Amino acid sequence: MEISRREIGSITESDIEAFKVYLYEQERSDATIEKYTRDVRKFSETIEGRDTFDKQELLEYKRELIGGYKTSSVNSMLAAVNCYLEFVGAPDLKVKSLKVQKKLFLDENKELTRKDYLKLVAAARRLRRPQIAMIMETLATTGARVSEVRSFTVEMVRRGTVDIVNKGKERTIIITNDLRSKVLAYAEEKGISTGEIFVTRNGRAIDRSGIWKEMKALACEAGVDANKIYPHNLRHLFARTFYRLTKNLAGLADILGHSSISATRIYTASPGSSFKKDISRLDLMAPDSGAQSCA
DNA sequence: AAATACCTGTAGCGCTCTGG
DNA sequence: CCAGAGCGCTACAGGTATTT
């Protein structure tokens, strides 16, 4: 079999820099730029020492990846290299990604129940960790992403909506009255009257990895399997509960910021106030409760 | 349905506070 | 001023969401 002889010059550090600029100009997100450059660098290391490379090297690289990584990782790494090939004007060298079997069922023991969640909040209170308790309640009642917690400011909560700005695209998170008063009380107690609500002792906005660690640390005290304790699961809990109650899929997509249904809906007819009643009925605020200690 | 773009889970490390 | 706890950045793997 005759393989394409088309060759491309090896990838230098300055090529990668130019690639970065290209991605930036394409308005890729910071996370994407970082991942793509990392993955292209990885490929460039495997062809180290050569002046050029062609389809043969790419196919070998793909085989190598398949041997070492999961399918979804292989595909994401190939996507980066393919993007680079597009950039250098060699789209014919792109390699096909692997097929992925669609998951039919959600892993059941990963499902965080309302009960689990309430136990976690109670545990946080018992251990006198009001911040993580408040963050968990905030995530559960808004369905926000963990990285969005940093966007919550006193001003926005006071207003009842939190704006998440993402590269020109804005999304509004609805704060129920229950959550609003509780968060404001929390902020006041902490002496925070303006700006970000969830901050570390240095006054900087809390990082998502910190939230993750705090949540994991509550597993024992709460008596909940640590494997299902992670921030994103609170978003799932919110989504499930909302849908079970309202059967309103379009509305849910809006609240979660899924643009595929209709991103503009939320700004039209009933921006929030109609959801507000529905969300309030979810009853996801944890009751203030007493103390007990962990073994 | 497949490809692409983006985001989260998770571990580790090094810096920085804080209490003694 | 030191030890240890806390913090938060970084990196990588892999999952999720959106576009084609």
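Predicted, not measured: the structure shown is a model, and the values here were computed from it. Sequence lines set the chain letters: A, B, ... in the order given, protein chains first and strands last, and positions in each chain run from 1.
- A salt bridge between A:Asp163 and A:Arg159 is present, with a side-chain N of the basic residue lying under 4.0 Å from a carboxylate O of the acidic one.
- One finds a side-chain N or O of A:Ser147 lying less than 4.0 angstrom from the OP1 or OP2 phosphate oxygen of B:dT8.
- An OP1 or OP2 oxygen of B:dA5 is reached within less than 4.0 angstrom by no side-chain nitrogen or oxygen of A:Thr32.
- Computed from coordinates, the A:Asn227 CG to B:dG9 P distance equals 13 Å when rounded to whole Å.
- Straight-line distance from the CG atom of A:Leu234 to the P atom of B:dC7: 19 Å, rounded to whole Å.
- Protein atom CD of A:Glu214 is 16 Å distant from nucleotide atom P of B:dA11, rounded to whole Å.
- Remark on DNA chain C: of its neighbouring residues A:Asp207 and A:His232, the 5'-side contact belongs to A:Asp207, judged by nearest-heavy-atom nucleotide.
- A:Arg28 places its CZ atom 16 Å from the P atom of C:dT18, with the value rounded to the nearest Å.
- Regarding A:Arg208, its CZ atom lies at a distance of 16 Å from the P atom of B:dC6, rounded to whole Å.
- Looking at A:Tyr117 and A:Leu234, their side chains come closer than 4.5 Å, going by heavy atoms from C-beta outward.
- At the heavy-atom level, A:Lys213 lies under 4.0 Å from base atoms of the strands shown.
- A straight line from CG of A:Asn75 to P of C:dT16 spans 14 Å, rounded to a whole angstrom.
- A heavy atom lying under 4.0 Å from DNA chain C marks the following residues of residues 35-45 of chain A, by number: A:Lys35, A:Arg38.
- Distances shorter than 4.0 Å separate none of the side-chain N or O atoms of A:Ser209 from OP1 or OP2 on B:dT10.
- Contact annotation: A:Lys96 does not reach the phosphate of B:dA2 (side-chain N/O to OP1 or OP2, under 4.0 Å).
- With rounding to whole Å, A:Glu34 atom CD is found 14 Å from C:dA13 atom P.
- Between the side chains of A:Thr176 and A:Asp178, no donor-acceptor pair is found at a separation under 3.5 Å.
- Looking at A:Lys94, its side chain never comes within 3.5 Å of a backbone N or O of A:Glu86 through a donor-acceptor pair.
- OP1 or OP2 of B:dT10 has at least one side-chain nitrogen or oxygen of A:Trp212 nearer than 4.0 Å.
- For the pair A:Ala205 and A:Ser76, both in contact range of DNA chain C, the more 5′-proximal nearest nucleotide belongs to A:Ala205.
- In terms of position along DNA chain B, the nucleotide closest to A:Leu78 lies nearer the 5' end than the nucleotide closest to the other residue of the pair A:Leu78 and A:Lys216.
- In terms of phosphate contacts, A:Ser73 brings no side-chain nitrogen or oxygen within less than 4.0 Å of OP1 or OP2 of C:dA13.
- Nearest to the side-chain atoms of A:Ser97 among the listed nucleotides C:dA13, C:dG15, B:dA3 stands B:dA3.
- Side-chain proximity of A:Arg145 to the nucleotides C:dA13, C:dG15, B:dT8 is greatest for B:dT8.
- A:Arg235 is not listed as a side-chain neighbour of A:Leu139, based on a closest heavy-atom distance of 4.5 Å or more.
- Nearest-nucleotide positions on DNA chain B place A:Lys94 closer to the 5' end than the other of A:Val146 and A:Lys94.
- Nearest heavy atom pair, residue A:Val154 against residue A:Leu184, reads O-CD2, 4.1 Å.
- More than 12 heavy atoms of other shown residues, nucleotides or ligands fall within 6.0 angstrom of atom NZ in A:Lys216.
- The side chain of A:Tyr230 contributes no N or O atom lying less than 4.0 Å from OP1 or OP2 of B:dG9.
- A:Ile206 has its CD1 atom 14 Å from the C1' atom of C:dC9, to the nearest Å.
- Counting heavy-atom neighbours within 6.0 Å of A:Glu189 CD, excluding the residue itself, gives a total of 12 or less.
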